[in-house]
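The next block holds one structure in the form of structure tokens; read it before the comments.
Naming: A, B, ... by sequence-line order, numbering from 1 per chain.
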Protein chains: 2
Amino acid sequence: MNEQTAPGRVGDVRRRNLSLVMDSIARTGDAKPSRAQLAAGTGLTKAAVSSLVADLVESGLVSEVGLYRDGERGRPGQGLELSARRGVVGMEINVDYLAVGLVDLGGNLRFHSTVESRNRGLAPEKVMERLGGLAAEAIAAAAAADISILGGGLAVPGLVDEQHNLVLSAPNLHWEHEKLNPQNLLEGAPLGVRLSNEANSAALGELWYGAGRPDFLYVSGEVGVGGGVIIGSELYTGPGGSAGELGHIVVHPDGPGCSCGGAGCLETFAGQEAIFEAAGIPEGSLGQRTELLLAALTAQEPRATQAVHDAGRYLGVALASSARLMDIEAVVLGGHFAVLAEWLRPSLISSLERYAPGLLDPSNLTVSTLEHSGTLLGAAGQVIRSVIESPFEFLLASKLA
Amino acid sequence: MNEQTAPGRVGDVRRRNLSLVMDSIARTGDAKPSRAQLAAGTGLTKAAVSSLVADLVESGLVSEVGLYRDGERGRPGQGLELSARRGVVGMEINVDYLAVGLVDLGGNLRFHSTVESRNRGLAPEKVMERLGGLAAEAIAAAAAADISILGGGLAVPGLVDEQHNLVLSAPNLHWEHEKLNPQNLLEGAPLGVRLSNEANSAALGELWYGAGRPDFLYVSGEVGVGGGVIIGSELYTGPGGSAGELGHIVVHPDGPGCSCGGAGCLETFAGQEAIFEAAGIPEGSLGQRTELLLAALTAQEPRATQAVHDAGRYLGVALASSARLMDIEAVVLGGHFAVLAEWLRPSLISSLERYAPGLLDPSNLTVSTLEHSGTLLGAAGQVIRSVIESPFEFLLASKLA
DNA sequence: ACAATTAGTTTTCAATCTGAACTATATGCG
DNA sequence: CGCATATAGTTCAGATTGAAAACTAATTGT
């Protein structure tokens, strides 16, 4: 008799309603709803909302922001928002850079800093040390703005074991089964630091703060081609945690071997390296090569044009297969696919039309609007989201302290 | 302020716990748990379980089945089971046959009948009329066994709109946007008749009564190649309801055109028709052709062997891509893939090893154990499951009646 | 100044769980 | 046979919490 569902206790109702109210405030965003509006929106009575909001305000998660005047007559309401004085630090380790940001509960990026850093092949301890310096900046920024840091999120370009703070495999960093200690980056943060995958975090960033919809596929074009699958407004990671490996979908059964051990993978046709090579861009830093490629495309050089055209075509094959299997009806392009979108779109769309006619409307094929902060926002957002989803646990913890 | 979550009311606790108890009884299955065991298993107190079980017994969903003696000492418990006197009729329309079964709440197939029927191109009304005859047999069998019919499930090989009883498209039946009236098949059944897709129902049948696990992909090889995606013990249908279209995953970008309008689809390599043709099996009824093919395979005729080998190879490509995208770690083969499994497996496994090495362990590649009743069980199971998941609503309805 | 209107609080009530005490029914040993 | 022991199931007081309705608070318009 394996039990997965906890019994319903009377107190669960309050847990759920605390979350419902917080979520409602979060979703209403800049509108700063009053208690009465929340009651109307949630279906709870005004009395219940008042009681719930009182708990949330007391814990510091929600704050009143002055009077709110909407209609012409009547007593004005107290506007409510997720506290701007509670924040989460989002952090990102990628192949060519490190980034840190401070996000308040309302999802506003209050501080942001990126530094170039060639992390490929570097020891994890070394990278974490550098990241620690950046994190200290975020901590200082928080102190200056009187923001108390609840926790942090750290995104890395690889498969992670969140429970044990392990990076199981990050081929582009040359990391394999590395133990990180992200908690050290933010000592004393009550919710700790949560490790996550870069493409997944970017997908969540789009969902919560960008172009996302309840169901979509985020395509991350960094050094590798990754993806994040959002189903019903939740990240789908699969039983083993490695879902969304769009880069290793087979797009041609007779294609070349791939670093993953497979063959004919999308990444061998549409990865950064594959495109640069096919376009005839010489070795160099990522920034340089990208500039050269964009220049070549602007100049309509045939090799570059063809390379991007092919990448789009094969990306179309992968998206067609994905749309069939998962009924994906919206796609958000990120990373280098966002940069190349202008040149990529025509062949991508015609490929989709050829392999999955009518399934994916081109208007649902959008480009990330968050640029470089998407991953950061997503990494921090996961911690913010956990507070929105179970504020009761947070209340408990803060009462004990 | 779009609201999706209903507010938590005090009464919700009971809803949830009624479901928890029913689910617990269902999962314990043949063990017929006592109230005390349920209390231990669910984490509820004995008092709460007693009260919940009383409601369920009163409504007829659960019945006491005599004393249960486990330990040596102490008062023996009353064994509980989902009532064997409440049933759901599972029905299936397929291209070459019609089938009906009677399933009791405990998931036991109490009556089963299949008839050959060439339904391709037949008007839906005609087919429904024939099906009505079979349904009458099930109703008679239920009456004879003193089983009261709560509802029914009807599976068809096509995309359905469950809300409006529409078959949006069933290409293999030559149906397009047909309105069915499945309610007429079981007049007076309180929960009505629920329309569903054949591959999805078969997948659910495997999940609840067969080889399924919490996460797996069911591959249905009927006239078309379909699939059912089970994630976290739930069917994933996608935002548009058409997820799992494994047959139209692109396995070769230069492949031939497909009936779906795309190109290079798996179905053009591994569909029944494609295999028969490649194997050189002449036209005829499905049964005849299958026998010829099996005979040819047993005789190791090269053409047939090669045809099945190729089908396995391309199925491997599709499964490799699926495993990457959705982190699928288990597959159940049904339909003609189950029949051909013996000859299909070698090339399928080597293809998986080539395109997604290490991802899908061959031991997690199993064959359906339910044979022809899987779809039926799944179609009925959806109604049974809805009762297990919200017995409160059922109690209400039965109190009004 | 007062009616009208909207925001938010207080009070009473019902639902339903927990926990503890209690009753019911079995086994085993002297 | 009778009583200790053990387990199943029931009863009842107590706590939590939202609904409903009445009430108080704050603002605008005439």
Reading DNA chain C from 5' onward, which residue's closest nucleotide shows up sooner: A:Gly77 or B:Arg75? A:Gly77

Among the candidates D:dG9, C:dT9, D:dT27, find the nucleotide nearest to the side-chain atoms of A:Pro76. D:dT27

May I have the distance from A:Arg35 (atom CZ) to D:dA25 (atom C1'), rounded to whole angstrom? 13 Å

Give the rounded distance in Å between these two atoms: CZ of A:Arg73 and P of D:dT28. 11 Å

Roughly how many Å is it from CG in B:Leu395 to P in C:dA15, rounded to a whole number? 15 Å

In terms of heavy-atom contacts, B:Ser201 and B:Gln382 come closest through OG-NE2, 2.9 Å

Basic-acidic side-chain contact under 4.0 Å: A:Arg35, A:Glu64: yes

Closest approach of A:Pro239 to A:Tyr236 (non-hydrogen atoms, all atoms of both residues): CD-OH, 3.8 Å

Option passing side-chain contact (heavy atoms from CB on, under 4.5 Å) with B:Ile25 (candidates B:Leu61, B:Ile388, B:Val62): B:Val62

Write down the distance between NZ (B:Lys46) and C1' (C:dC17), rounded to a whole number of angstrom. 16 Å

Counting the atoms with a prime plus P, OP1 and OP2 as sugar-phosphate, which does B:Ser50 contact under 4.0 Å by heavy atoms, base, sugar-phosphate, or nothing? base

Between the side chains of B:Asp12 and B:Arg16, is the shortest nitrogen-to-carboxylate-oxygen separation below 4.0 Å, so that they form an ion pair? no

Quick one: what's the B/S/- string for nucleotides 15-20 of chain D, heavy-atom cutoff under 4.0 Å, read 5' to 3'? -BBSSB

A:Arg110: partners by salt bridge (Lys or Arg N to Asp or Glu O under 4.0 Å), with sequence neighbours left out: A:Asp104

